[in-house]
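Here is the structure we will look at, set down as structure tokens.
Positions are given from 1 along the sequence.
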Amino acid sequence: MDIKEILTRLGYVRGQANLSARKLSERIDKSPQYIAQVESGRIVLTVEKLLQILEVCNFPIERFFSANIQDYNIDKELETLIQNLPADKKKNMIEFLKK
């Protein structure tokens with residue numbers, strides 16, 4: 001994941017939290033333009049600020065760094081269902097998916 005993808009995801013997180021750039025900036029005690037400048041790449045985002053933003057937006061870090069941020073909840077549900085299957089059912093599912 002490159003910096004451009006991180007900044008794109010940051011905008012996605014903010015949108016999911018239904019926060020404007022200005023409102024999010026205020027909630028993390030930064031200037032009103034801070035988030036807009038971060039998202040445009042004019043300011044370097046620290047890990048500390050990223051974690052603070054995710055916390056304010058109530059967005060799990062695991063989801064932020066997942067392969068597919070939009071389908072994360074579906075993927076996690078599917079993963080849980082598969083993990084709870086008995087071994088013989090897992091083997092059946094593998095065979096089914098290979099076809």
One should read off an interatomic distance between I3 CD1 and L10 CG, to the nearest 0.5 angstrom, of 9.5 Å
Got a list of side-chain donor-acceptor pairs under 3.5 Å for residues 77-86, not counting sequence neighbours?
residue	atom	partner	partner atom	Å
E79	OE2	Q83	NE2	3.3
T80	OG1	K76	O	3.0
N84	ND2	T80	O	3.1

When every non-hydrogen atom of F64 is compared with those of I6, the smallest separation belongs to CZ-O, 3.7 Å
In the single-linkage hydrophobic clustering (I, L, V, M, F, W, Y; side-chain heavy atoms under 4.5 Å), do L50 and Y72 co-cluster? no
**Report entry** S25 side chain to I35 backbone, donor-acceptor under 3.5 Å
**Finding:** yes
Smallest heavy-atom separation, C57 atom then R14 atom, equals SG-CA, 4.4 Å
When rounded to the nearest 0.5 Å, the distance separating CG of L51 from CG of L45 is 9.0 Å
When every non-hydrogen atom of A21 is compared with those of A36, the smallest separation belongs to CB-N, 3.9 Å
Notebook entry, point to check: Do other residues, nucleotides or ligands put more than 12 heavy atoms under 6.0 Å from the CD atom of Q16?
Noted result: yes
Value for OH (Y34) from CZ (R42), rounded to nearest 0.5 Å, stands at 13.0 Å
Note: with side-chain heavy atoms under 4.5 Å as the link, the other cluster members for I94 come out as none
Separation between CD (Q70) and CG (D75), nearest 0.5 Å, reads 11.0 Å
Taking everything shown except N18 itself, do over 12 heavy atoms lie less than 6.0 Å from its CG?
no
Between Q52 and K49, the two heavy atoms sitting closest are OE1-NZ, 2.7 Å
In the single-linkage hydrophobic clustering (I, L, V, M, F, W, Y; side-chain heavy atoms under 4.5 Å), do I53 and M1 co-cluster? yes
Are L24 and V47 connected into the same hydrophobic cluster when the rule is that any two of I, L, V, M, F, W, Y join if their side-chain heavy atoms are below 4.5 Å apart? yes
Does this structure show an ion pair linking R9 with E5, if we count only N-O contacts that are shorter than 4.0 Å?
yes
Inset, instruction - Flag yes if V44 and I28 sit in one hydrophobic cluster, no otherwise; membership is Ile, Leu, Val, Met, Phe, Trp, Tyr, and two members link when side-chain heavy atoms are under 4.5 Å apart. - result: no
* Asked: Should we count CG of D88 as having more than 12 external heavy atoms under 6.0 Å?
  -> yes
